[in-house]
Amino acid sequence: VQLQASGGGLVQAGGSLRLSCAASGSIGSINAMGWYRQAPGKQRDLVARITSGGSTNYADSVKGRFTISRDNAKNTVYLQMNSLKAEDTAVYYCKAAVAGPQSGYRYLEVWGQGTQVTVSS
């Protein structure tokens with residue numbers, strides 16, 4: 001199973017970006033999916049998370065500006081980022097709990113490769 005993230009880039013403060021992360025491979029089911037970010041010299045932190053049932057939670061710093069969603073038919077999670085700030089600059093990673101034949105249908109956490117988001121002030 002692989003996660004492929006895309007959609008990062010350079011944007012001015014106040015602008016918007018939409019990140020996508022698609023899971024591929026031998027997938028039985030996907031439980032929670034989420035986005036994390038890591039700025040230079042800092043730890044990787046949760047940005048937003050969504051369960052298979054659609055429940056969401058967000059880091060306080062992005063509430064009201066970011067929206068996480070998922071398309072279960074496409075095994076894809078999205079992160080709509082509005083009103084971007086310079087402090088949102090980081091590498092964004094997606095993560096998903098995936099069950100499939102390779103894991104004996106146990107949920108294992110899989111990380112995507114990361115996509116750079118740079119917000120210029």
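- The cationic atom of Arg18 (NZ for Lys, CZ for Arg) lies less than 6.0 Å from the six-membered ring centre of Tyr78 and within 45° of the ring axis.
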For this session: Applying side-chain contact (heavy atoms from CB on, under 4.5 Å), run through Tyr107 and Val98 and close with a yes or a no.
Result: CA-CA 5 Å; Tyr107 284 106; Val98 183; 5.7 Å; no
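- Here the OG atom belonging to Ser24 is positioned 5.5 Å from the CD atom belonging to Gln2, to the nearest 0.5 angstrom.
- Between the side chain of Thr89 and the backbone N or O of Val119 there is at least one donor-acceptor pair closer than 3.5 Å.
- The CG atom of Leu79 lies 9.5 Å from the CG atom of Leu17; values are rounded to the nearest 0.5 Å.
- Summarising the geometry, atom OG belonging to Ser69 is positioned 6.5 Å from atom CD1 belonging to Ile50; distances are rounded to the nearest 0.5 Å.
- The side-chain heavy atoms of Ser61 and Arg37, taken from C-beta on, include a pair separated by under 4.5 Å.
- With Arg70 contributing its side chain and Thr51 its backbone, the two residues share a donor-acceptor pair below 3.5 Å.
- Residues Ile30 and Asn72 fail the side-chain proximity criterion, which asks for heavy atoms closer than 4.5 Å.
- Under the 4.5 Å side-chain contact rule for hydrophobic residues, Val91 and Leu84 do not share a cluster.
- Rounding to the nearest 0.5 angstrom, the gap separating the CZ atom in Arg65 from the CD atom in Gln80 is 12.0 Å.
- Side-chain atoms of Thr115 and Tyr93 include no donor-acceptor pair closer than 3.5 Å.
- For the residue pair Thr118/Gln116, the side-chain donor-acceptor check at 3.5 Å is satisfied.
- Ser16 and Asn82 form a side-chain donor-acceptor contact under 3.5 Å, judged by distance and modelled atom types alone.
- Atoms CE and SG, on Met33 and Cys94 in that order, are 7.0 Å from each other to the nearest 0.5 Å.
- With rounding to the nearest 0.5 Å, the separation of CE in Met81 from CG in Leu19 is 3.5 Å.
- Smallest separation of non-hydrogen atoms from Val62 and Val47: CG2-O, 3.6 Å.
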For this session: Decide yes or no on side-chain contact (heavy atoms from CB on, under 4.5 Å) for Leu46 and Asn57, but give the supporting numbers first.
Result: CA-CA 10 Å; Leu46 174 69; Asn57 62 285; 3.6 Å; yes
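- Remark: Arg49 fails to qualify as a cation-pi partner of Tyr58 under the 6.0 Å distance and 45° angle criteria applied to the six-membered ring.
- Here the closest heavy-atom approach between residue Ser103 and residue Arg106 is recorded as OG-O, 2.6 Å.
- For Tyr36, the ring-ring contact (aromatic ring centres under 6.0 Å, His included) partners are Trp111, not counting sequence neighbours.
- The pair Lys85-Asp88 does not count as a salt bridge, with every side-chain nitrogen at least 4.0 angstrom from each carboxylate oxygen.
- No donor-acceptor distance shorter than 3.5 angstrom exists from the side chain of Gln38 to the backbone of Ala90, with no hydrogens or angles considered.
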